[in-house]
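Inspection log for the structure reproduced underneath, given as structure tokens.
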Amino acid sequence: MDYEPQELETRWRDRWAEAGRYEADPDGEAEPTFITVPYPYPSGGMHIGHCRTYTVPDVYARYRRLQGDDVLFPIAWHVTGTPIIGAVERLKKGEEDQLSVLRDTYNVPEDTLEDLETPMGYARYFIENHYKSGMKQLGLSIDWRREFTTNDERYSKFITWQYERLKERGLLEKGLHPVKFCTDEENPVTTHDLLEGEEAEFQEYTLVKFEGEIGSDDVIAPMATLRPETVRGVTNAYAHPDGEYVRATVDSETWVVSSAAVEKLRLQERDIEIHEELSGADLIGETVTNPITGDEVLILPATFVDTDNATGVVMSVPAHSPDDYLALQEAKEDEERLREYGIDPADVADIEPIPILDIEEYGDVPAKTAVEAAGIESSDDPELADVTADLYQAEFHQGVMHDDYGEFAGMTVENVREQFRAHYAAEGAFDEMYEFTEEVVCRCGGDVEVAKQDTWFLRYNDAEWKQKAHQVLSGIDTIPENTRDQYDHTIDWLNEWPCIRNYGLGTRLPWDEDFVIEPLSDSTIYMSYYTIAHRIEDVPPEDLDTDFFDALFYGEDAVENPDERALDLHEEFDHWYPVDWRCSGNDLINNHLTFFQFHHGELFDESKWPEGITIMGMGLLEGEAMSSSKGHVVLPSKAIDEYGADTVRFFLLNSAEPWQDYDWRDDLVGSTRDQLERFWSRAQEVLDFDVPDEQPDLEHVDRWLLSKLQGTVREATEAMDGFETRTASQAVFYSFEEHLKWYRRRADLDREGAQWTLREVLRTRLRLLAPFVPFMTNELHEQLTGEPAEDADWPEPDPAFEDERVERRERLVESVTDDIHDIVDVTGTDPDTVRVYVAADWKRDVFETVRETGTNVGAVMGQVMEDPDLREKGDAVNDLVQDLVELVRERDDDELAALAGVDEQAVYEDAEAFLETEFDATVEVYAEDDPDADDPDGKADSAVPFRPAIHLA
RNA sequence: GCGAGGGUAGCCAAGCCUGGAAACGGCGGCGGACUUAAGAUCCGCUCCCGUAGGGGUCCAGGGGUUCAAAUCCCCUCCCUCGCACCA
């Protein structure tokens, strides 16, 4: 039978579907195992980069089934939030990029595009035609009865229950929060909605409220700065001479700021009324008072001031800012210009930098030192930015505040900034304003600004809640183990999390219908929903109130008059929960996986807390990140059509451990396919053997192979328990192929014993490989035994076949073969006779002495030299002891014990026939001290125990 | 900057926790078998030197511990990822 994966795999898919093979219902006897993976987000199609994420849990699920567990592996679809809506919008607008992704990358037929113009239509298309069909093609052992979407009515009731309960427990809080806001669409936007500035970050400027008289009005000129602690070093201020400014009431104060700033402040929840438009020239030459020092400073003209950034008025700290230092120098030199604005140049000439912090190796005036050291003379010098960055960096970490900072004196900037700012903000001298670090543009072309919005937060900063999350974590197996620190760190680091959005799919906030609960916040404990997803369909949504879910999750004592239907569902929940394993991506450690722990800690009893998390690496395609927008993807359907699902699975699981990145390379996938095909044809040969079931006489090599098989079972089992799919499949498949290679070279395969052995080996390996390549192994195992591999048991190591001495003996044959090969290669000879001399008995005695005495050469020599016969041999004994000490050091006790029991001469004599074929020569085995030994070149005495002397002729 | 993970032969990559064989395996390359040929398959070789199983150098760089270090400790250099309101 030839290997035809397409035909074979279709047949098994149909069988599974017809039998409902992976539908899991509580089974009283078996141990329940519940495995989940984050539900996919169908905002596009599935590509090969997604496949491993779902295949790893499948392999584990299949493994646990073979171990006899009752396994639940469900899937659902996450549609919450804006990505799908955004994708639909772009499609409806006919955006070329979007159309190209749909048409070219995901092969959506032209006449189907119309169906994709509603969010759920769009989602449904990709669910059915990509995810679901792809998962079925891959052979994922999913219980399909339990699928749902997060936009389903009943799921929403479940989310409603959860948020009602969190609110009751005081874990939700209302507050203001900065968001990205498109000024055209007048809506908050997400990173996915951006054309430019995806990298932009929120930057919180401190506004230092300088007071003064501009025109004839008392006003506040808020100077925007990122370094509020430098306020004592301010010598002057700058405004743009041609900039547009306004005088306006901001909340209850009168401010002068740029016109551009007004709009931003409005978005940041300020009450604003404009009184008068001003030009920069109106500000210049005026003096304002530093709210901290009380010093009066002059506003100077500067065209480098950006009126579109923050307030459009900046303070100047020439002692610590290279920009300000140069600008001041330049202002002093241009007296003409100062007079133009009615400023007395003498007043400017008097301005000297005021240092406010010390930093080693930068002298009294760090900015001056930095600028001069770099040889910068003009503010146009492109090197200035680097010099500035270096100085800021150094000052931040090493700068020590001067004495006039009072309670803040002596501290470093790093430690003082936040405190300092909070202190003067509380006094009313400082205010704040947000800006982006770069320009941000919406996909609609509109300008995106920072807006402050009313939001509900999850209080992840709550100390008690954090404590619970740590407790949950301490009970979780984290794979790989070194991710544990990251979770702990994330738990401590998480702050308040805004859990709602203004629009998007999903569940409305129960007490405020204007808001939708965002995706990361509606997916924290949904694994529990899988346990009842298919059966809750029988309950009308209007009955699904909070009491219902309390009874469902907490049982009959949780509420008065619990709903019988809920209690019924509770039994199934109770059967499957907690989650045994959550298999997820390493990019979710920082958010989802930690939220998952917080919410379980809060909402469930300790007995329902998750037990394991394993994280997965990314997929690359031919060494580069996959990208659907660039069309740099491979679709699973295409890969499976070309190679077969078993090959795709085997490659994904064998090329790297789950948590490592893997690289989908066509040539390597092709070679995986060849390997499976070879496995198949070798298996066919074994199937053709006609051997009885009961064990025939076995030879040494057969026992050797069977012993190796037991070790492989052990290794694979241990690896599977730790999700090490690569180690497990490598051991069972590739490493064992190496053993077979040797076995085929060594053994006479026409014997009944050999054929029986090979059949045993195949039967065992099929079961060990069943989680990885279920189609092929089921087929072959059924041909071999009448039963599919997945219905058999996971193999156990059989102690009757584990034999260290057998393995040691075979190792001796391997090394003597290697040694002869080496000599043949080096000498370039083709021997007719190969003579092997086994070390004399007295050498074995020395070996025994070393074993007993230990690996101290002196001690061994002392012991050995007590024997007068040995003493006579002199240097020969010394050399031998050196060799044997080394040999013993390199081996463990079991190995040595096994070696000690080996009759070396018998081993080589048994291998004579093999060696004769191997070298096409006559092979003679002698004892070193056999008086009749034929030893033409006197080689025999170089024999060492387990390292016979060799002579070629 | 903070947090995490890495740097192994032409390339990919195992080994590192639990120190003990120039270091699994794959790809690529070279040679051979089979074949009319190609492909596939199979067998060898693939750090340097060597006509006797040997010797030399080696696991980012530099120090240290040890009889023994890719593996343990310290320092330096370089790379990847995350630092949020987003799946």
Side-chain angles (χ1 to χ4, degrees), chain A residues 38-41 43-44 78-84 177-180 188-193 198 201-202 393 396-397 414 455 457-458 460 480-490 492-501 518-521 523 585-592 594 617-618 623 654-657 659-663 665 667-668 670-672 674-675 677-678 681 726-727 730-731 733-735 737-738 741 744-745 815-829 831 855-857 885-892 937 939 942 947-952:
Chain A
Y39 36 29
Y41 204 99
S43 56
H78 202 195
V79 298
T80 307
T82 55
I84 291 173
H177 193 76
V179 297
K180 292 175 183 149
V189 290
T190 70
T191 310
H192 295 279
D193 302 321
E198 287 99 328
E201 288 172 33
F202 294 109
Q393 180 77 9
F396 184 68
H397 294 290
E414 188 172 10
T455 298
F457 296 94
L458 283 162
Y460 293 139
E481 180 55 35
N482 63 19
T483 51
R484 178 175 299 280
D485 289 349
Q486 291 188 59
Y487 296 112
D488 265 320
H489 191 259
T490 306
D492 290 332
W493 161 84
L494 271 176
N495 218 316
E496 297 179 313
W497 177 266
C499 61
I500 53 166
R501 298 292 174 268
E518 63 86 39
L520 284 166
S521 305
S523 56
N586 57 10
D587 49 338
L588 296 179
I589 291 175
N590 278 335
N591 44 55
H592 165 71
T594 303
M618 300 278 130
N654 184 263
S655 59
E657 298 293 6
W659 50 89
Q660 298 172 322
D661 292 351
Y662 67 94
D663 188 4
R665 279 173 45 191
D667 55 342
L668 298 183
S671 116
T672 302
D674 294 343
Q675 300 275 8
E677 188 154 2
R678 187 176 55 176
S681 35
R726 179 187 148 90
T727 302
Q730 198 81 20
F733 197 79
Y734 292 103
S735 302
E737 283 300 319
E738 297 290 310
K741 209 158 136 182
R744 277 190 292 268
R745 208 162 133 194
S815 36
V816 80
T817 311
D818 283 350
D819 281 347
I820 299 170
H821 266 297
D822 277 353
I823 301 169
V824 167
D825 287 347
V826 165
T827 56
T829 53
T855 54
N856 183 309
V857 178
V885 161
E886 206 163 300
L887 182 141
V888 168
R889 263 183 187 151
E890 286 164 4
R891 286 166 176 76
D892 64 33
D937 289 342
K939 292 279 182 193
S942 61
R947 194 89 202 279
I950 294 163
H951 178 256
L952 304 189

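As the structure is a prediction and not an experimental result, all values here were calculated from the model.
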Under 4.0 angstrom, heavy atoms only, what part of the nucleic acid is [X] near: base, sugar-phosphate, or nothing?
X	value
A949(A)	base
Q730(A)	sugar-phosphate
I820(A)	nothing
N591(A)	base
S942(A)	base
E677(A)	nothing
N495(A)	base
P40(A)	nothing

Whole-Å [atom1] distance, [N] and [M]:
N	M	atom1	result
C74(B)	C47(B)	C1'	30 Å
U66(B)	A60(B)	P	23 Å
G62(B)	U57(B)	P	14 Å
C59(B)	C45(B)	P	25 Å
C72(B)	C16(B)	C1'	10 Å
G6(B)	A23(B)	P	25 Å
G54(B)	G1(B)	P	49 Å
U71(B)	U18(B)	P	14 Å

Of the options [options], whose atoms approach the side-chain atoms of [X] most closely?
X	options	answer
S671(A)	C27(B), C83(B), G25(B)	C27(B)
L952(A)	C43(B), A84(B), A52(B)	A52(B)
E738(A)	G25(B), C27(B), G3(B)	G25(B)
W493(A)	C43(B), A84(B), G53(B)	A84(B)
L668(A)	G3(B), G26(B), A84(B)	G26(B)
D819(A)	G3(B), C27(B), G53(B)	G53(B)
R678(A)	C27(B), C42(B), A52(B)	C42(B)
L520(A)	C83(B), A52(B), C86(B)	C86(B)
K939(A)	A52(B), G26(B), A84(B)	A52(B)

Mind calculating the distance between [atom1] ([X]) and [atom2] ([N]) to the nearest angstrom?
X	N	atom1	atom2	value
D825(A)	C45(B)	CG	C1'	8 Å
H951(A)	A52(B)	NE2	P	13 Å
D663(A)	G28(B)	CG	P	15 Å
D822(A)	A21(B)	CG	C1'	13 Å
D485(A)	G5(B)	CG	P	7 Å
R889(A)	C67(B)	CZ	P	9 Å
H592(A)	G82(B)	NE2	C1'	17 Å
D492(A)	A84(B)	CG	P	17 Å

Salt-bridged, D937(A) to K939(A), with N to O below 4.0 Å? no
Check whether [X] reaches the backbone of [Y] with its side chain - one donor and one acceptor, N or O, closer than 3.5 Å.
X	Y	answer
T594(A)	I589(A)	yes
S671(A)	D667(A)	no
E657(A)	T727(A)	yes

Expected rows: protein N/O vs nucleotides 46-51 of chain B N/O, under 3.5 Å:
from: U51(B); atom 1: O4'; to: V826(A); atom 2: O; distance (Å): 3.2

Which stems does RNA chain B form, counting runs of 3 or more consecutive Watson-Crick or G-U wobble pairs with both distances under 3.5 Å? B:1-7 with B:77-83, B:10-12 with B:25-27, B:28-33 with B:41-46, B:47-49 with B:54-56, B:60-64 with B:72-76
Run S521(A) and E518(A) through side chain to side chain donor-acceptor pair (under 3.5 Å) and show every step you take. CA-CA 5 Å; S521(A) 305; E518(A) 63 86 39; 2.5 Å; yes
Compare all side-chain heavy atoms of N654(A) with those of Q730(A) and state whether any distance is below 4.5 angstrom. yes
[X] vs [N]: side-chain N/O to OP1/OP2 distance below 4.0 Å:
X	N	answer
R726(A)	G26(B)	no
Q660(A)	A14(B)	yes
R947(A)	A52(B)	no

